Amino acid sequence: MRLSLYPINTVKETPSEAEVISHQLMLRAGLIRRLAAGIYTWLPMGLRALRKVENIIREEMDRAGALEVLMPAVQPAELWQESGRWEQYGPELLRLKDRHDRSFVIGPTHEEVITDLARRELKSYKQLPANFYQVQTKFRDEIRPRFGVMRGREFIMKDAYSFHADQDSLSEGYAQMRTAYSRMFERMQLNFRPVRADTGSIGGNASEEFQVLADSGEDAIAVSDGDDFAANLELAVALPPATPRAAPSAEQATVATPGARTIAEVAALLQVSPAQCIKTLIVDGDDGEVVALLLRGDHELNTVKAQKLPGIANPLQLASPERVLAATGAQPGYIGPVGLTCRIVADHAALAVADFVCGANQRDAHLTGVNWGRDLPEATAADLRNVVDGDPSPSGVGQLRIVRGIEVGHIFQLGRKYSQALKAEVLDQGGKPVTMFMGCYGIGVTRVVAAAIEQNHDERGIIWPDPLAPYQVLIITMNHSRSEAVRNAADALYASLGEAGIEVLYDDRDARPGVKFTDAELLGIPHCLVVGDRGLAAGTLEYRHRRSGGNEEIPADGVVDFLRSRFTR
RNA sequence: CGGGGCAUGGCGCAGUCUGGUAGCGCAUCUGGUUUGGGACCAGAGGGUCGCAGGUUCAAAUCCUGCUGCCCCGACCA
């Protein structure tokens, strides 16, 4: 591809709408353009990168034995009514009517369609297991699309669905997909982690997210620095402290703390660390009563964990101030566990504090020197908090670090939720109908491109990993219009690299060197060859490596072999 | 959906408070000089100032309504 024939310009100014780096660079480098909120056109340069991602995914899906299909984006409402999601899905599901007033949806996902296909086509256990996938445009009417293509409303997803006669086969298929996913992201040279995830409302036995690590990521994940353990923050287990609680050394006392309601205020006023305080949260129980949840002052409640406790309302709901007053005799800010009559559940860490500070259950007062067992009964222990940096890893090896990630893939075992709703059955060996087990495996293809940039850039622009680069090599000419020798040499080089099967972008514009170098860095093509009169005289070319910034003179003969030795794929 | 903000040429912005008929940088086009890190000179084109009403002799500017977009929050197989 000759840049002189490429009509789309790069841009110096950062468009004001772009907040994250990948979005800024994608606009500036001319990979995408916005059409409406969360809806983007992929320009040629961006599309080539997108195709690279798609093709790696296809190759690995095929290798894992999956079969590509293409399902419709527009789906009849009846299928969604049959699965129950017509009611459940909410406004994120884009609904529309055709001219006959029949209801349709623009598919945000394809469980219904694929399950419908499976129940029509799959009749016998002998046809199982089967795995169908597609690379296709989805639409989800996100509340707040943002970060460009990272969280768009329309996006391209690879979604795969596997069908099995029993749970064992599903587990096996799931494991295969897990392997395939790891291979894909490794081939893309992304720094990623498979992360244990909450199965959420969908249920099922196992679920993992594939997270590309990046500071701008929307998800917090806990990773061990000692092994490959990684879990979504919602799910990461906080182990009970290894050291036993210290013996009481202070007497319980009531102190006046007028106006101090938060842990930070109380700790500052009393000159203690937040870790010496215990905070008490009153939430609704599932029986009309309230429950007190206790956390160490420096810890945060993990709502997913709390919600799973028996006796707690789901979804988790903080009790109203009136109910708090009725249950404790005090207002939020001055509540403590001493003397409470409601059920009390304490985080392991909260139970490990001696001589702690807590609310006194009366206005403008707190208690100090409080001790479990002596001043109040030992409470029920549970894991209630978010893990924090430095917590021991649940895997038993290493400490946890909290990092941020971009969820690019999600695999999970659906079980029979959809196959039951849509009656997708096959006959087993005994000729009896059995409901199929399903697995579901997604990758946000468009999001992967943004994530790759998020992880691979510098202040000058994109640094494509070799396998994702729109082009492998960029040729830049110096003095293009004036030097016939340069032009001829570069044309010949362009032709020969092309013949060698290398994907080449050729900057043959009549532009100043600075313009070309700056664009080269913005576009991020990994390998660059500079053709100029200087080198031609000596029979050399200048080779530049985008990532390392390296710069070397190489013999013009044997460029192809030289480049191949530098490709990292 | 709640809170905040923005809307002026392709992009980034000024002008709005204090009404007087639109400007800067980048980009684009023409000619010339330049050419190994975003050149310079001269010239040119391009905007019903988001839309609709209203006030006024006069509205980008004041008032009302609407629309779109951005940010924060709630939400997110």
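What you are looking at is a predicted structure, and each value in this text was computed from that prediction instead of being measured. By convention in this document, chain letters (A, B, ...) are assigned in the order of the sequence lines, proteins followed by strands, and residues within each chain are numbered from 1. All values below come from the heavy atoms of this structure, side chains included, with hydrogens, waters and symmetry mates left out.
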For B:rG3 and B:rA59, measure between their C1' atoms and round to the nearest Å.
31 Å
Between A:Thr518 and A:Glu19, which residue's closest nucleotide on RNA chain B lies nearer the 5′ terminus?
A:Thr518
Does A:Gln134 form a side chain to side chain donor-acceptor pair (under 3.5 Å) with A:Asp159? I'd like the steps, not just the answer.
CA-CA 6 Å; A:Gln134 64 175 347; A:Asp159 49 327; 3.2 Å; yes
Could you let me know what B:rG73 is paired to, Watson-Crick or G-U wobble, both distances under 3.5 Å, or none if it's on its own?
B:rC1
Which of residues 533-557 of chain A sit near RNA chain B, with a heavy atom under 4.0 Å from it?
A:Arg534, A:Glu542, A:Arg544
A:Glu322: which residues meet the side-chain contact (heavy atoms from CB on, under 4.5 Å) condition with it, sequence neighbours left out?
A:Ser320
Does B:rC6 have a Watson-Crick or wobble mate here (both distances under 3.5 Å), and if so which one?
B:rG68
Kindly write out the residues that satisfy salt bridge (Lys or Arg N to Asp or Glu O under 4.0 Å) with A:Asp491, not counting sequence neighbours, or none if the list is empty.
A:Arg2
Residue list, side-chain contact (heavy atoms from CB on, under 4.5 Å) with A:Ala424, at least two apart or on another chain
A:Thr115, A:Arg119, A:Ser419, A:Met436
With a distance cut-off below 6.0 Å to the six-membered ring centre and an angular limit of 45° from the axis, does A:Arg95 pair with A:Trp86 as a cation-pi contact?
yes
If you pin A:Pro145 and A:Arg460 to their nearest nucleotides in RNA chain B, which one's is more 5'?
A:Arg460
Taking only residues two or more places apart in sequence, or in another chain, which ones meet A:Arg323 in a salt bridge (Lys or Arg N to Asp or Glu O under 4.0 Å)?
A:Asp284
Return the value, rounded to whole Å, for the distance between atom NE2 of A:His23 and atom C1' of B:rC69.
12 Å
Listed by chain and number, what are the salt bridge (Lys or Arg N to Asp or Glu O under 4.0 Å) partners of A:Arg566, not counting sequence neighbours?
A:Glu552
Please evaluate the base of B:rG38 for a donor-acceptor partner in the side chain of A:Glu521 within a cut-off of under 3.5 Å?
no
If I pick the P atom on B:rC6 and the same atom on B:rU16, what distance separates them, to the nearest angstrom?
14 Å
A:Tyr471 six-ring face occupied by A:Arg48 cation (under 6.0 Å, within 45°)
yes
Mind calculating the distance between CD1 (A:Ile8) and P (B:rU28) to the nearest angstrom?
14 Å
Side-chain donor-acceptor pairs under 3.5 Å in residues 140-154 of chain A, sequence neighbours left out?
from	atom 1	to	atom 2	distance (Å)
A:Arg140	NE	A:Pro108	O	2.9
A:Arg140	NH2	A:Pro108	O	3.0
A:Asp141	OD1	A:Arg153	NH1	3.0
A:Arg151	NH1	A:Glu218	OE2	3.4
A:Arg153	NE	A:Ala37	O	2.8
A:Arg153	NH2	A:Ala37	O	3.0

When the P atoms of B:rG20 and B:rU61 are considered, how many whole Å apart are they?
10 Å
Measure CD/A:Glu234 against P/B:rC75 and give the value in whole Å, please.
11 Å
For nucleotides 31-35 of chain B, list the nitrogen or oxygen atoms of the protein found under 3.5 Å from its nitrogen or oxygen atoms, one pair per line.
from	atom 1	to	atom 2	distance (Å)
B:rU34	O2	A:Arg512	NH1	2.8
B:rU35	O2'	A:Asn479	OD1	2.7
B:rU35	O2'	A:Arg482	NH2	3.3

Using the ring-ring contact (aromatic ring centres under 6.0 Å, His included) rule, collect all pairs that involve residues 16-40 of chain A, keeping only residues at least two apart or in two chains.
A:His23-A:Tyr40
Hits for salt bridge (Lys or Arg N to Asp or Glu O under 4.0 Å) against A:Glu17, two or more places apart or cross-chain, chain-then-number order -> A:Arg34
Starting at CZ of A:Arg146 and ending at P of B:rC75, how long is that distance when rounded to a whole Å?
12 Å
Report the distance from atom OH of A:Tyr40 to atom P of B:rC69, rounded to the nearest whole Å.
11 Å
Interatomic distance, A:Asp141 CG vs B:rC75 C1' [rounded to whole Å]:
13 Å
Between B:rG38 atom C1' and A:Asp519 atom CG, what is the distance in whole Å?
8 Å
Could you tell me which nucleotide pairs with B:rA14 by Watson-Crick or G-U wobble geometry, both distances under 3.5 Å, or answer none if nothing does?
none
Between side-chain atoms of residues 472-490 of chain A and protein atoms elsewhere (two or more places apart, or another chain), which donor-acceptor pairs fall under 3.5 Å?
from	atom 1	to	atom 2	distance (Å)
A:Gln472	OE1	A:Glu503	N	2.9
A:Thr477	OG1	A:His480	ND1	2.8
A:Thr477	OG1	A:Asp507	O	3.2
A:Thr477	OG1	A:Lys516	NZ	2.8
A:Asn479	OD1	A:Arg482	NE	3.2
A:Asn479	OD1	A:Arg482	NH2	2.4
A:His480	NE2	A:Asp508	O	3.4
A:Ser481	OG	A:Asp510	OD1	2.9
A:Ser483	OG	A:Val486	N	3.0
A:Ser483	OG	A:Asp533	OD1	2.8
A:Ser483	OG	A:Asp533	OD2	3.3
A:Arg487	NE	A:His480	O	2.9
A:Arg487	NH2	A:Ser481	O	3.0
A:Asn488	ND2	A:Glu484	O	3.4

Has A:Lys516 got a side-chain N or O lying under 4.0 Å from the OP1 or OP2 atom of B:rG37?
no
Please give the nucleotide sitting opposite B:rA42 as a Watson-Crick or G-U wobble pair, both distances under 3.5 Å, or none.
B:rU30
Are more than 12 heavy atoms, taken from residues, nucleotides or ligands other than A:Glu300, located less than 6.0 Å from that residue's CD atom?
no
Summarise how protein sits on nucleotides 9-14 of chain B as a single string, 5' to 3': B when a protein heavy atom is under 4.0 Å from the base, S for sugar-phosphate-only contact, - for no contact.
--BSS-
Just compare B:rG38, B:rC70, B:rA74 and give me whichever is closest to any side-chain atom of A:Arg144.
B:rA74
If I pick the P atom on B:rC29 and the same atom on B:rG36, what distance separates them, to the nearest angstrom?
22 Å
Rounded to the nearest Å, what distance is computed from the CG atom of residue A:Leu523 to the P atom of nucleotide B:rG38?
18 Å
Quote, to the nearest angstrom, the C1' distance that separates B:rC1 from B:rU64.
24 Å
If we take the C1' atom in both B:rC11 and B:rC40, what is their distance in whole Å?
23 Å
Rounding to an integer number of angstrom, what distance separates B:rU28 and B:rG23 when you compare their P atoms?
22 Å
Between B:rG53 and B:rC49, how many Å separate the two P atoms, rounded to a whole number?
13 Å
Take the angle between the ring planes of A:Tyr181 and A:Phe185 and call it parallel below 30°, perpendicular above 60°, tilted in between.
perpendicular
Write down the partner of B:rU55 under the Watson-Crick or G-U wobble criteria, each distance required to be under 3.5 Å.
none
Considering Watson-Crick and G-U wobble pairs with both distances under 3.5 Å, what does B:rA22 pair with?
none
